[in-house]
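Here the structure is laid out as structure tokens; the discussion comes afterwards.
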Amino acid sequence: MWRYALRRLLQAVPVFIGTTLLIYAMVFALPGDPIQALAGDKPVPENVLQTLRERYNLNDPLLIQYGKYMWGLAHGDLGENYTGQSVSEMLGGRWTVTAQLALTAWIFEMAVGIALGTWAGLRRGRLADTLVLGGTTLVIAVPVFVLGYTAQLLFGLHWKIFPTAGTDDGWPMSYILPGVVLGSLGLSYVARLTRTSLAENLRADYVRTANAKGLSRARVVGRHALRNSLIPVVTYLGVDFGNLMGGAIVTEGIFNLPGIGQQVFTSIQLKEGPVVVGAVTVLVLIFLLVNLVVDLLYGVLDPRIRYE
């Protein structure tokens, strides 16, 4: 297992370098002068512009800029924005908010999605299956901002069950409602994946063999069919955690959560490239780490994979 984990870790290194280089190139290829943008319409002396461009390496070729960025990143430094603020400090408090929101949504979609998918898969073609398929289709069709405002109106303002905005009530109360909204789309896909995979595995030869041996229904489903059915579900959950971290901009805006999404959106408007690159770099690291864990879970769910 350790050799398998090391191999997967080494494979993540070129992916990280290629991804961060692409992000860096895309952000700094945006039109406009970020130094001039700091002053707005006011004129700035040319010597001041040149000094600031030299300070932030804007006169260097792209690969030189990227190399200096990676050198700082190797020492734990995400750089500074164009007003001299540390990117690490700007993002520090916001990571907690986004991580708690993404984790709440991820747990919700994993627990409820697998439960609904299992329920539907065991009752394929019956009323339960129809309800799950119809409900998940409806959720997929409704935009997230519609779900957000509807949930805010009903559960926050009308029934007063959950807070409508902010993080004053802490975790989990402040994060349950936005977490459910953020995780609703993922829940629908998890439920449908689980249902389809379980229904297919229940017709497999090894399940018929287990039934012929006289094993209990719970053991056949839980130990054999469901375990194999979770491999595509685990794949989706691993990928989706990174999507939840990076895709929380709309949800954070609706529920006024001071997370990374808000900061990245603001930084894009202000052309603060170092902040955008720093935030996305950490998101890439989290995404690669989660996918490494998913790869290791493959080996747990199906031991044959680690020997391939």
Side-chain angles (χ1 to χ4, degrees), residues 102-148 150-151 154-155 176-244 247 251 290-291 293-308:
L103 187 60
T104 303
W106 193 71
I107 292 173
F108 168 71
E109 71 177 50
M110 176 178 62
V112 180
I114 292 176
L116 287 176
T118 303
W119 185 47
L122 293 174
R123 294 162 177 80
R124 186 174 182 180
R126 302 179 189 175
L127 177 61
D129 188 24
T130 304
L131 288 175
V132 171
L133 288 177
T136 53
T137 302
L138 178 63
V139 172
I140 292 172
V142 178
V144 66
F145 64 86
V146 174
L147 288 176
T150 302
L154 293 178
F155 295 98
I176 291 178
L177 197 57
V180 168
V181 171
L182 181 61
S184 58
L185 180 62
L187 178 147
S188 301
Y189 289 126
V190 169
R192 295 173 77 93
L193 271 175
T194 305
R195 176 254 183 199
T196 303
S197 184
L198 180 59
E200 181 180 348
N201 278 295
L202 286 173
R203 297 196 301 267
D205 291 338
Y206 70 89
V207 172
R208 284 196 290 266
T209 302
N211 285 322
K213 288 181 178 179
L215 298 180
S216 66
R217 178 68 169 171
R219 186 171 183 183
V220 171
V221 173
R223 185 176 179 83
H224 297 284
L226 185 58
R227 181 175 178 177
N228 286 332
S229 301
L230 287 179
I231 291 179
V233 179
V234 167
T235 302
Y236 177 80
L237 286 170
V239 173
D240 197 48
F241 187 78
N243 293 335
L244 292 173
T251 308
V290 171
N291 276 271
V293 174
V294 169
D295 284 341
L296 297 181
L297 284 177
Y298 287 162
V300 174
L301 293 171
D302 188 350
R304 296 171 298 177
I305 294 177
R306 73 184 76 161
Y307 299 113
E308 292 181 356

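We use all heavy atoms of the structure for the numbers below, so side chains are in, but hydrogens, waters and symmetry mates are not.
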Exercise. Taking all atoms of both residues into account, what is the closest heavy-atom pair of Ala151 and Val181, and its distance?
Worked result: CB-CG2, 3.9 Å
Problem set entry | side-chain contact (heavy atoms from CB on, under 4.5 Å) partners of Thr209, counting only residues at least two apart | Lys213
For this session: Identify the two heavy atoms, one from Thr104 and one from Ile176, that lie closest to each other, and give their separation to 0.1 Å.
Result: CG2-CA, 4.2 Å
Enumerate, atom names and distances included, each donor-acceptor pair closer than 3.5 Å involving a side-chain atom of residues 111-120, sequence neighbours excluded.
| from | atom 1 | to | atom 2 | distance (Å) |
| --- | --- | --- | --- | --- |
| Thr118 | OG1 | Ile114 | O | 2.7 |

For this session: Hey, could you give me the CG/CE distance between Leu103 and Met110, rounded to the nearest 0.5 Å?
Result: 8.5 Å
For this session: Locate the shortest heavy-atom distance separating Gly183 from Ala105; write the atom from each residue and the value.
Result: N-CB, 3.7 Å
Problem set entry | side chain to side chain contact (heavy atoms under 4.5 Å, CB included) evaluation trace for Tyr206 with Asn228 | CA-CA 11 Å; Tyr206 70 89; Asn228 286 332; 3.0 Å; yes
For this session: Identify the heavy atoms of Val290 and Phe241 that sit nearest to each other, and give their distance.
Result: CG2-CD2, 3.5 Å
For this session: For the residue pair Phe155 and Val180, establish whether any side-chain heavy-atom pair is separated by less than 4.5 Å.
Result: no
Seminar exercise, completed: Value for CZ (Arg208) from CG (Leu202), rounded to nearest 0.5 Å, stands at 11.0 Å
Exercise. How far does CG of Leu198 sit from CG of Leu193, to the nearest 0.5 angstrom?
Worked result: 12.0 Å
For this session: Please name the pair of heavy atoms, one in Thr251 and one in Pro178, separated by the smallest distance, quoted to 0.1 Å.
Result: CG2-O, 3.5 Å
Exercise. What is the minimum heavy-atom distance between Trp106 and Leu237, and which atoms define it?
Worked result: NE1-O, 2.9 Å
Could you list the donor-acceptor pairs under 3.5 angstrom formed by side chains in residues 128-147, with sequence neighbours left out?
| from | atom 1 | to | atom 2 | distance (Å) |
| --- | --- | --- | --- | --- |
| Asp129 | OD1 | Arg195 | NE | 2.9 |
| Asp129 | OD2 | Gly125 | N | 2.9 |
| Asp129 | OD2 | Arg195 | NH2 | 2.9 |
| Thr130 | OG1 | Arg126 | O | 3.1 |
| Thr136 | OG1 | Val132 | O | 2.8 |
| Thr136 | OG1 | Leu133 | O | 3.1 |
| Thr136 | OG1 | Arg192 | NH1 | 3.0 |
| Thr137 | OG1 | Leu133 | O | 2.7 |
| Thr137 | OG1 | Arg192 | NH1 | 3.0 |

